[in-house]
Protein chains: 2
Amino acid sequence: MLTIGNLAKKTGTKVQTIRYYEQIELMPEPGRTEGGQRRYGDAELDRLSFIRHSRQLGFSLDAIRELLDLGDHPNRPCHEADAIARRQLKQVERRIARLEALRTELNRMVHECSGGRTADCRVLEVLRDHAACLTDHDGIGA
Amino acid sequence: MLTIGNLAKKTGTKVQTIRYYEQIELMPEPGRTEGGQRRYGDAELDRLSFIRHSRQLGFSLDAIRELLDLGDHPNRPCHEADAIARRQLKQVERRIARLEALRTELNRMVHECSGGRTADCRVLEVLRDHAACLTDHDGIGA
DNA sequence: GATACATCCTCTAGCCACTAGAGGTTCAAC
DNA sequence: GTTGAACCTCTAGTGGCTAGAGGATGTATC
């Protein structure tokens, strides 16, 4: 039986985050000691590990909820899980593309900075001038 | 003189966002009509464009505040603006690296899915199995 | 001048995924 | 029995917006 602190350590989660997951019903209510402290078993460890790994892969808590639900029904066709993963992959690819464009622009900014006064600063200039190029209005998306 | 709605259209910002920027003092309080509606001039259009472009480049509102401040003091040395841009560039590069790792893993998951039942689903399996590899405990960072 | 109606106003609350802190209790070791 | 780390609940805050209620204003048309 694990205390919440030990479960936190084993999964690389903060204690408050575990309680938060319980509050939003992503984690089940665990057993308690007589004094009211939470105690966890292996099932909870597995579930939380799954959640954390999915979070590291960028899945939203809602997507994780779906995935957990799918895992609970082993006889259903798996194309739903596949669809969630594909959706996630697409999102990741979009973010990468967007960030690579940013990198290019930032690189240019940084390399053109002459180190003079701010009046001549390319960084500020680029930021100011590109103000005109706001054709792409969907934010940084990352 | 622009209404808030027209300023919003010109800069690809939502009306509420402009009012939010005013509230947090990133945008100045504009002039008003007799009836109390906001009216904007070119200075505000420039400033908001600068803000939006910086946001698209991934700068935080705090960083933008600094940049705007630097722009207001043209005789100061520009290494501060440069430092902000460099910091931003580093962050973007870290995000890209992280996302590329995710892409690899998601790709593997998706390509190994056989389309059978969830019981055999590679997507769920990978998520479950990699639960063990939680050595990297710093979140998705993106 | 009246009317319609799009746009504006303020204010509050919500989103995601946590995170922090106050103020108090329990557990395990010594 | 005492210490002190870890636990408890509860509330509020983070960033960067976004949504909606309920009402006022501005402008075009008749």
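A note on names: the letters A, B, ... follow the listed sequences, proteins ahead of strands, and every chain is numbered from 1.
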Where is the tightest heavy-atom contact between B:Pro30 and B:Tyr40, given as atom of each residue plus distance?
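Smallest heavy-atom distance, with atoms named: CB-CE2, 3.5 Å.
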Quick one: closest heavy-atom pair of A:Pro28 and A:Glu22, and the distance?
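Closest approach of A:Pro28 to A:Glu22: O-CG, 4.1 Å.
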Closest nucleotide of DNA chain D for B:Asp62 versus for B:Glu34: which of these residues is on the 5' side?
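This one resolves to B:Asp62.
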When you match B:Thr3 and B:Thr17 each to their closest nucleotide on DNA chain D, which lands nearer the 5' end?
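Counting from the 5' end, the first nearest nucleotide belongs to B:Thr17.
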Which nucleotide sits closest to the side chain of [X]: [options]?
{"X": "A:Arg19", "options": "C:dT19, D:dC7, C:dT10", "value": "D:dC7"}
{"X": "A:Arg32", "options": "D:dA19, D:dC8, C:dC27", "value": "D:dC8"}
{"X": "B:Leu61", "options": "D:dT18, C:dA17, D:dC17", "value": "D:dC17"}
{"X": "B:Gln37", "options": "C:dT7, C:dA17, D:dT9", "value": "C:dT7"}
{"X": "A:Ser60", "options": "D:dT9, C:dC8, C:dA17", "value": "C:dA17"}
{"X": "B:Thr33", "options": "D:dT25, D:dT27, D:dT9", "value": "D:dT25"}

Under a 4.0 Å N-O cut-off, is there an ion pair linking B:Arg38 with B:Glu29?
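Looking at B:Arg38 and B:Glu29, the cut-off is not met.
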Under-4.0 Å salt bridge between B:Arg65 and B:Asp69
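No, B:Arg65 and B:Asp69 are not salt-bridged.
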Identify whether any heavy atom of B:Ile24 sits under 4.0 Å from a base atom; if not, whether one sits that close to sugar-phosphate; answer base, sugar-phosphate or nothing.
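Nothing, no heavy atom under 4.0 Å.
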Reckon B:Arg38 touches a base, only the sugar-phosphate, or nothing at all at heavy-atom distances under 4.0 Å?
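Result for B:Arg38 = sugar-phosphate.
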Rounded distance (Å) that lies between atom [atom2] of [N] and atom [atom1] of [X]:
{"X": "A:Met27", "N": "C:dA17", "atom1": "CE", "atom2": "C1'", "value": "16 Å"}
{"X": "A:Leu2", "N": "D:dC7", "atom1": "CG", "atom2": "P", "value": "11 Å"}
{"X": "A:Asn6", "N": "C:dA28", "atom1": "CG", "atom2": "P", "value": "11 Å"}
{"X": "A:Glu22", "N": "D:dC8", "atom1": "CD", "atom2": "P", "value": "9 Å"}
{"X": "A:Gln23", "N": "D:dA12", "atom1": "CD", "atom2": "P", "value": "14 Å"}
{"X": "A:Lys9", "N": "D:dA6", "atom1": "NZ", "atom2": "P", "value": "6 Å"}
{"X": "B:Ile18", "N": "C:dT10", "atom1": "CD1", "atom2": "P", "value": "13 Å"}
{"X": "B:Ile51", "N": "D:dC17", "atom1": "CD1", "atom2": "C1'", "value": "14 Å"}

Assuming nearest nucleotide by heavy-atom distance, tell me which of B:Gly35 and A:Tyr20 is located more 5' along DNA chain C.
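Its nucleotide being nearer the 5' end, the pick is B:Gly35.
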[X] side chain N/O closer than 4.0 Å to the phosphate oxygens (OP1, OP2) of [N]?
{"X": "A:Arg52", "N": "C:dC18", "answer": "yes"}
{"X": "A:Tyr21", "N": "C:dC18", "answer": "yes"}
{"X": "B:Lys14", "N": "D:dG16", "answer": "no"}

Derivation of the salt bridge (Lys or Arg N to Asp or Glu O under 4.0 Å) call for A:Glu66 and A:Arg87:
CA-CA 13 Å; A:Glu66 282 185 78; A:Arg87 211 157 60 215; 3.7 Å; yes
With distance as the sole test, does A:Arg47 use its side chain to make a donor-acceptor pair with the main-chain N or O of A:Leu26 at under 3.5 Å?
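Yes; judged by distance alone, with no hydrogens or angles, the pair exists.
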